[in-house]
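Here's the structure, in structure tokens; my notes come after.
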Amino acid sequence: LESNAGNHQEAADQIKFLTTAYQRDATEEYLAWAQYLQGQMLRDAGKPDEAGKVWLEIESTPQLSLYRRSWAAYQAAYM
């Protein structure tokens with residue numbers, strides 16, 4: 001991903017592409033983990049509102065583990 005080069009928006013776009021492309025092949029937990037990382041990239045790209053929306057969506061998905069939802073809620077609250 002491009003985040004190591006400081007291209008956080010590009011990394012967020014790559015994650016969005018991958019989660020869409022592999023939505024049928026990955027578990028909900030893996031997709032949520034990728035979306036969580038997408039939120040981090042959006043935050044680092046200076047888009048905290050978009051990041052918060054991603055994390056709140058994860059947090060409000062009852063099918064996900066409490067672990068995954070809690071980390072997303074923590075990041076959303078920290079914003």
Side-chain angles (χ1 to χ4, degrees):
L1 296 175
E2 299 300 321
S3 69
N4 290 337
N7 300 327
H8 304 295
Q9 182 61 55
E10 190 172 337
D13 293 343
Q14 289 173 340
I15 293 169
K16 179 72 170 174
F17 171 79
L18 291 171
T19 57
T20 302
Y22 292 98
Q23 189 170 8
R24 293 184 183 147
D25 300 322
T27 67
E28 287 188 54
E29 287 289 321
Y30 282 131
L31 290 171
W33 172 69
Q35 291 166 336
Y36 175 85
L37 294 176
Q38 179 188 12
Q40 288 183 316
M41 295 303 104
L42 289 168
R43 178 200 60 205
D44 294 347
K47 297 182 177 182
D49 292 341
E50 289 182 44
K53 287 178 187 177
V54 170
W55 290 325
L56 288 175
E57 183 178 331
I58 295 168
E59 187 272 332
S60 66
T61 305
Q63 299 92 326
L64 296 173
S65 67
L66 183 58
Y67 173 80
R68 183 71 58 217
R69 291 176 18 228
S70 297
W71 270 106
Y74 171 78
Q75 289 295 339
Y78 186 69
M79 297 299 299

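The residues of the chain are indexed from 1 along the displayed sequence.
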Find the distance between [atom1] ([X]) and [atom2] ([Y]) and round it off to the nearest 0.5 Å.
X: Y30; Y: R68; atom1: OH; atom2: CZ; result: 9.5 Å
X: L18; Y: D13; atom1: CG; atom2: CG; result: 11.0 Å
X: Q38; Y: H8; atom1: CD; atom2: NE2; result: 14.5 Å
X: R43; Y: D49; atom1: CZ; atom2: CG; result: 14.0 Å

When every non-hydrogen atom of G39 is compared with those of A51, the smallest separation belongs to O-CB, 3.2 Å
Taking every heavy atom of I15 against every heavy atom of A34, the minimum-distance pair comes out as CG2-O, 3.1 Å
Q: Look at the rings of Y74 and Y78 and say which category their plane angle falls in: under 30° parallel, 30 to 60° tilted, over 60° perpendicular.
A: parallel
Review point. Should the pair Y36 and W71 be assigned to parallel (<30°), tilted (30 to 60°) or perpendicular (>60°) ring geometry?
Key: perpendicular
Does the side chain of Q9 reach to within under 4.5 Å of the side chain of K47, using non-hydrogen atoms?
-> yes
Single-linkage hydrophobic cluster [X]~[Y], side-chain heavy atoms < 4.5 angstrom:
X: Y67; Y: I58; result: yes
X: L56; Y: M41; result: no
X: V54; Y: L31; result: no

- Query: For the side chain of Q75 and the backbone of Q40, is there at least one donor-acceptor N/O pair under 3.5 Å apart?
  - Reply: no
Checking side-chain polar atoms at under 3.5 Å, does Q35 have a donor or acceptor matched by the opposite partner on T19?
no
Exercise for review: Kindly check if the number of other-residue, nucleotide or ligand heavy atoms within 6.0 Å of CD (Q63) is above 12?
Suggested key: yes
